[in-house]
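Computed from a predicted structure; not experimentally measured.
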There are 2 protein chains.
Amino acid sequence: MEIENLISFKEAKACPIQFVLAVNDTLNVISGKWKLPIIGSLLFEKRRFTDIQRNIPKITPRMLSKELKDLEMNGMVKRTVYDTTPITVEYELTESAKLLGDVLDKMLEWGLQHREATIAKN
Amino acid sequence: MEIENLISFKEAKACPIQFVLAVNDTLNVISGKWKLPIIGSLLFEKRRFTDIQRNIPKITPRMLSKELKDLEMNGMVKRTVYDTTPITVEYELTESAKLLGDVLDKMLEWGLQHREATIAKN
DNA sequence: ATTATCGCTATACAAAAGTATAGTAGTATA
DNA sequence: TATACTACTATACTTTTGTATAGCGATAAT
């Protein structure tokens, strides 16, 4: 996380190691069993804790709490506490996280083509 | 891996669950500590086992072997055995795997912008 | 008084992923 | 005869990741 790690697209593409590191940055932000469902749940609207929990049936509060903290630390999610009774806490994607949508689109597209390509070979 | 899982891009984008499933397909193919380095190592040329090992200094043969099998099973890598002495085994990316390059480009691009965006907020 | 809701945390455990280290079979070179 | 190369496999272990289950403190409704 040091400044020296700041590299440009060109530099990263030219050097395989920098390339892998930079792509890994993205990968880390969405890896794990629950990050994608959580991001998916927040893609179109803000939500509260219990709200997300209901939206992702099998997640435990422990995991949801942990992953939300993780996402917050990585600049993916903004957490806002409202002093109501009972307390309400709202989670929403940051602007940067919303841009991830484009990447996910590409992943979706490739995933579908790859499935067709590999099934075709059987 | 059943036919019923075959869905279109439009269907997948419309339905959050299908969306997450299809993106996960892509994610699974590149997740784990060593898949990206291995794919990176094979992006521009075919390589042999020991060759890849030298290219990725800290990988153990156990991990390399396991991940290569995994990648082969997922239609990412083609393995060819040559009956020389000693035996040579060549690994190369499939056509479908090479297309993943575009996705990785997007991930690289987003990773760099995200890093700048989150550093800017400190 | 009991139950429910909100947003979690604590503890203990199981499963998955990765590491360390050694060794294999076959051939070939010093 | 000893060592090295190729392409791995075997065994045992540690670390990371995820699960299961229970409970907390504040408030409010029944």
Task: Nearest-Å distance for atom pair NZ/P, residues B:Lys66 and D:dT11 - done: 18 Å
Open item on the list: Using only atom types and a distance under 3.5 Å, with no angle test, would you say the side chain of A:Lys35 pairs donor to acceptor with the backbone of A:Ser31?
Closed with: yes
Open item on the list: Counting C-beta onward and ignoring hydrogens, is there a side-chain heavy-atom pair between A:Arg79 and A:Phe49 closer than 4.5 Å?
Closed with: no
TODO: Provide, to the nearest angstrom, the distance between the CD atom belonging to B:Glu90 and the P atom belonging to D:dT6.
DONE: 14 Å
TODO: Among A:Ile38, A:Leu71, A:Ile39, find the one that has a side chain to side chain contact (heavy atoms under 4.5 Å, CB included) with A:Val77.
DONE: A:Leu71
TODO: Please answer: with hydrophobic residues joined when any side-chain heavy atoms are less than 4.5 Å apart, are A:Leu93 and A:Val81 in the same cluster?
DONE: yes
Task: Nearest-Å distance for atom pair CG/C1', residues A:Leu64 and C:dC8 - done: 10 Å
TODO: Figure out the CD/C1' separation between B:Gln53 and C:dT21, and round it to whole Å.
DONE: 14 Å
- [ ] Spell out, as yes or no, whether a donor-acceptor pair under 3.5 Å connects the side chain of A:Asn55 to the backbone of A:Asp51.
- [x] no
- [ ] Give me the residues of residues 78-88 of chain B where at least one heavy atom lies under 4.0 Å from an atom of DNA chain D, by number, or none.
- [x] B:Arg79, B:Pro86, B:Ile87, B:Thr88
TODO: Report yes if a side-chain nitrogen or oxygen of B:Ser65 is closer than 4.0 Å to either non-bridging phosphate oxygen (OP1 or OP2) of D:dC8; otherwise report no.
DONE: no
Task: Spacing between A:Met63 atom CE and C:dA10 atom C1', to the nearest angstrom - done: 13 Å
- [ ] Measure the shortest side-chain to side-chain distance between A:Ile52 and A:Ile59 over non-hydrogen atoms and say whether it is less than 4.5 angstrom.
- [x] no
Open item on the list: Should the side chain of A:Arg62 and the base of D:dT17 be counted as holding a donor-acceptor pair, with the cut-off at 3.5 Å?
Closed with: no
Task: Audit row: B:Leu100, B:Met76, side-chain contact (heavy atoms from CB on, under 4.5 Å) steps and yes/no - done: CA-CA 9 Å; B:Leu100 190 68; B:Met76 292 293 289; 3.8 Å; yes
Task: Check ion pair B:Lys69-B:Glu72 (N to O, under 4.0 angstrom) - done: no
- [ ] Examine distances only and state if a side-chain atom of B:Trp110 and a backbone atom of A:Ala97 form a donor-acceptor pair shorter than 3.5 Å.
- [x] no
Open item on the list: For DNA chain C, which residues of residues 33-51 of chain A approach it to below 4.0 angstrom with any heavy atom?
Closed with: A:Arg48, A:Phe49, A:Thr50
- [ ] Please report how far the helix from C:dA1-D:dT30 to C:dA30-D:dT1 bends, comparing the axis fitted to its first five pairs with the axis fitted to its last five, to the nearest 10 degrees.
- [x] 20°
- [ ] May I ask you to test the B:Asp25-B:Leu21 pair for a side-chain heavy-atom distance under 4.5 Å?
- [x] no
TODO: For B:Lys69, report the nucleic acid contact type (base, sugar-phosphate, nothing); a contact means any heavy atom under 4.0 Å.
DONE: sugar-phosphate
Open item on the list: For A:His114 and B:Val103: C-alpha separation, side-chain torsions, deciding distance, then whether side-chain contact (heavy atoms from CB on, under 4.5 Å) applies.
Closed with: CA-CA 12 Å; A:His114 183 66; B:Val103 181; over 6 Å; no
Task: Interatomic distance where CD1 belongs to A:Ile56 and P belongs to D:dT19 [whole Å] - done: 12 Å
TODO: Could you state the atom-to-atom distance from CD of B:Glu67 to P of D:dA7 in whole Å?
DONE: 19 Å
Task: Between D:dA7 (C1') and B:Glu72 (CD): distance, integer Å - done: 14 Å
